[in-house]
Amino acid sequence: MTLLLGTLDELPTEYLDTVLTHNAVPLWPSLRSILPHGRPINRTVPHVWRYDGLRPLLLKAGELAPMDKAERRVLMLANPGLEGAPFATATIFFGLQLILPGECAPNHKHTVGAVRMIIEGKGGVTTVGGEACPMEKGDLIVTPAGDWHQHDHYGEGPMIWLDALDAPVVCGIEASYCTEGTPQARSSRPDASQTRYRRSGLVPYDTLARGAKDYPLLRFPWSEVRAALEDLAVGTPLDEAVHLAYVNPESGRECTPILGFSALMLRPGEQLQPRRRSSSHGYLVVAGRGESEIDGRTLVWEENDVFVAPTHATIRHRNRSSEERAFLIQIDDAPLQRKLGCYEEFADTAAS
Ligand code: GTQ
Ligand code: FE2
């Protein structure tokens, strides 16, 4: 609104006041704030959240916020450009969540969709629609909109992960609400979707007759993703990205409807300059250290850091190690943009 009102000064005050009392606003003085020339006006800024700084604060929350009061013990990552809105980009909610041994983050469901990416700890289990999913470092676990979910911790030490939610979008369309439930009964087949979709290219036979389910596969184990990236890297020249998308194995499309997830490997010393895209991006550093230049700003990152790039940004990633590989999970809003018909890729940097 600041943008809109800032340019209305040129109108006679009396006219403007009268129009405003009728709950109307002249478009022409501020047309370019709704339809900017050439490229969107970004409020989201490139930013990195260092895990080293946030981890002690999250552990402190473990003392300050008992689970029965907190329901979810989460530090939200708030982009400094978004003026207090607790979102990482205009479409991506990121939160660092902690549960302690013996705790349960109680069962609930909501219209917001969520995905967890595990950062540290052993013995955590998230139960999604009755299916128990073990949580191991780097794993990606989908909690679809509308599905019951709860998190339990049967191990030792803190269990920490990054939540990615489409909350900015679902809240923005006034469609977000939550329902609390009683603890879930677990099916006798934990992690069952792992068995059903053990190998890409093979799906349960009845998929062909019934068509694709929305969320057939809930957990993508990091061990498999990492091995797939390393295999792919073998035949991939250095100027091509080693980049795999997490998809619905029955439809071949993105694994959630609003946010997209993919895994990137940067070989030692590798520099990657992806094609400029209209989507906004977030990254979780699963392993390694490097830097990313985003719209001219350099963000330095290491394991467990999280960083973001606004829509339409020019992005360049570099692995700063000459020996170690770096692995990033990329989160973007390209699925939503594709559905809206506004997704674009630009040819102004070298293709990847
Ligand atoms: O774990 O169910 O970061 O409902 C925000 C809302 C996590 C969750 C968040 C949630 C959850
Ligand atoms: Fe939730």
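Whatever order the structure lists them in is the order used to number ligands and atoms, beginning at 1.
Ion pairing between Arg325 and Glu230 holds under the 4.0 Å rule for side-chain N and carboxylate O. For Arg73 and Glu103, the salt-bridge test passes: some basic side-chain N is under 4.0 Å from an acidic carboxylate O. Using a 4.0 Å cut-off between charged side-chain N and carboxylate O, Arg196 and Asp206 make no salt bridge.
In summary, the aromatic rings of Trp222 and Phe327 are positioned with their centroids under 6.0 Å apart. Tyr283 and His317 have their aromatic ring centers within a separation under 6.0 angstrom.
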Name each N or O atom in ligand 1 that is under 3.5 Å from a protein N or O, and give the partner atom and the distance.
unit_1, atom_1, unit_2, atom_2, d
ligand 1, 1 (O), Arg72, NE, 2.9
ligand 1, 1 (O), Gln97, NE2, 3.0
ligand 1, 1 (O), Arg116, NH1, 3.0
ligand 1, 1 (O), His151, NE2, 2.7
ligand 1, 2 (O), Arg72, NE, 2.7
ligand 1, 2 (O), Arg72, NH2, 3.3
ligand 1, 2 (O), His108, NE2, 3.1
ligand 1, 2 (O), His149, NE2, 2.9
ligand 1, 3 (O), Asp163, OD2, 2.8
ligand 1, 4 (O), His108, NE2, 2.9
ligand 1, 4 (O), His110, NE2, 3.0

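The Fe ion (ligand 2) is the vertex of the angle joining NE2 of His149 and NE2 of His110, which measures 90° to the nearest 10°.
In summary, no N, O or S atom of Cys178 is located under 2.8 Å from the Fe ion (ligand 2).
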Applying ring-ring contact (aromatic ring centres under 6.0 Å, His included), run through His108 and His110 and close with a yes or a no. CA-CA 7 Å; His108 73 189; His110 36 69; 4.7 Å; yes
Using atom types as modelled, flag every donor-acceptor pair under 3.5 Å from a side chain in residues 154-161 to any protein atom, sequence neighbours excluded.
unit_1, atom_1, unit_2, atom_2, d
Tyr154, OH, Arg186, NH1, 3.3
Tyr154, OH, Arg186, NH2, 2.9
Trp161, NE1, Asp163, OD1, 2.8

